[in-house]
Amino acid sequence: MKNPKHQVILKFTALLLILVGYFAYLTYQYDFLTGGVAALITWSFFVLCTPVADAGFLLDFPIRVLFGVRMVLSEIFVWAVAISLNTVAMLYFRDYYQTTLITRLMESIITTPFPYWFIVLLSAIGTFLSIRFGDELMDVLHHKDREFFYSNHFKHEIVLFVFFLFVLFSYYELIASLGISVA
């Protein structure tokens, strides 16, 4: 059986190559600065506007496996970086939001507080719930907090699961209001 840390490094490298490939494509389409800023805005879209830890998970899971840092802590850092990046981009690189469909959507969400900031709020709730599930799973796998997990698991997890379904349903309703088909 392969070493889990080795598998994590391979998956991280594959995801990183996808991000670098996307950056290279945008750089080829536009120029180096435009491609870089658009790639970063796209990454921030997946951090801030999807209700699961996908773009942040690129860092969260490998950091948890390799260094033992809880995923919720690294995800807070990822969110801070994504918010800061969009603040700087809106102030100094606003034109770069017009490069791709995703960057245009990101600009629409940022510049329309009601109702589209609810997408970010719902995404935060969904992301941090999914990260919590991931951290709990890693704890159980490593025998940390196992007794607490088993004693409170059923009631607690059902409430969180129902809430997560509510978040997903609300998220898809808001995304549909942007005219995006999720089918």
Side-chain angles (χ1 to χ4, degrees), residues 12 15-63 70-135 160-183:
F12 176 76
L15 289 171
L16 193 59
L17 286 173
I18 290 170
L19 184 63
V20 169
Y22 182 68
F23 164 71
Y25 168 75
L26 289 174
T27 298
Y28 175 76
Q29 286 292 108
Y30 301 101
D31 59 50
F32 184 78
L33 181 62
T34 305
V37 173
L40 289 172
I41 292 170
T42 301
W43 172 81
S44 73
F45 175 85
F46 286 108
V47 170
L48 300 173
C49 299
T50 56
V52 291
D54 44 16
F57 204 68
L58 178 66
L59 299 172
D60 299 334
F61 187 68
I63 289 172
R70 295 193 65 78
M71 291 187 283
V72 71
L73 295 175
S74 56
E75 189 66 23
I76 289 169
F77 176 75
V78 165
W79 272 69
V81 169
I83 291 168
S84 299
L85 184 136
N86 277 286
T87 301
V88 169
M90 287 299 286
L91 292 173
Y92 302 107
F93 303 103
R94 180 98 183 243
D95 292 342
Y96 297 114
Y97 280 95
Q98 298 306 312
T99 54
T100 68
L101 173 64
I102 292 175
T103 56
R104 287 190 299 274
L105 284 172
M106 190 68 196
E107 182 181 35
S108 295
I109 290 167
I110 291 170
T111 59
T112 313
F114 184 80
Y116 299 134
W117 283 10
F118 283 114
I119 291 172
V120 177
L121 176 65
L122 291 171
S123 296
I125 293 167
T127 294
F128 285 97
L129 280 176
S130 67
I131 286 292
R132 182 158 190 261
F133 288 135
D135 268 336
L160 287 177
F161 182 73
V162 169
F163 187 66
F164 187 70
L165 289 177
F166 169 76
V167 167
L168 285 177
F169 175 76
S170 301
Y171 173 82
Y172 284 116
E173 289 297 314
L174 278 168
I175 287 295
S177 74
L178 277 169
I180 302 169
S181 172
V182 291

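Given the structure is predicted, the values throughout are model-derived calculations rather than measurements. Just the heavy atoms: all of them, side chains too, but no hydrogens, waters or symmetry mates, feed the values below. Along the sequence shown, residues are numbered consecutively beginning with 1.
- Using a distance-only test at 3.5 Å, with no hydrogens or angles considered, a donor-acceptor pair links the side chain of Thr103 to the main chain of Thr100.
- Here the closest heavy-atom approach between residue Val47 and residue Ala82 is recorded as CG1-CB, 3.8 Å.
- Taking the six-membered ring where tryptophan is involved, the planes of Tyr96 and Phe93 are tilted, since the angle between them lies from 30° to 60°.
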- Steps toward side-chain contact (heavy atoms from CB on, under 4.5 Å) verdict (Met90, Thr111): CA-CA 9 Å; Met90 287 299 286; Thr111 59; 3.5 Å; yes

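- A donor atom on one side chain and an acceptor atom on the other are not found under 3.5 Å apart for Thr99 and Tyr30.
- With a 6.0 Å radius and a threshold of 12 heavy atoms from other residues, nucleotides or ligands, Phe23 has its CZ atom above the threshold.
- With hydrogens and angles ignored, the 3.5 Å screen pairs no side-chain donor or acceptor of Thr127 with any backbone N or O of Ala124.
- Here the straight-line distance linking atom CG of Leu26 with atom CZ of Phe32 works out to 12.0 Å at 0.5 Å rounding.
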- Phe46 and Thr42: side-chain contact (heavy atoms from CB on, under 4.5 Å), yes or no, with the steps? CA-CA 7 Å; Phe46 286 108; Thr42 301; 3.7 Å; yes

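- With Tyr97 as the partner, the side chain to side chain contact (heavy atoms under 4.5 Å, CB included) test is satisfied by one option alone out of Asn86, Val37, Leu105: Asn86.
- In this structure, Ile110 and Phe45 have side chains that are not in contact, with every pair of non-hydrogen atoms separated by 4.5 Å or more.
- The side chain to side chain contact (heavy atoms under 4.5 Å, CB included) with Ile119 is formed by just one residue from the set Leu48, Thr50, Ile109, Thr112; it is Ile109.
- Taking OG of Ser44 as the reference point, atom CH2 of Trp79 lies at 10.5 Å (rounded to 0.5 Å).
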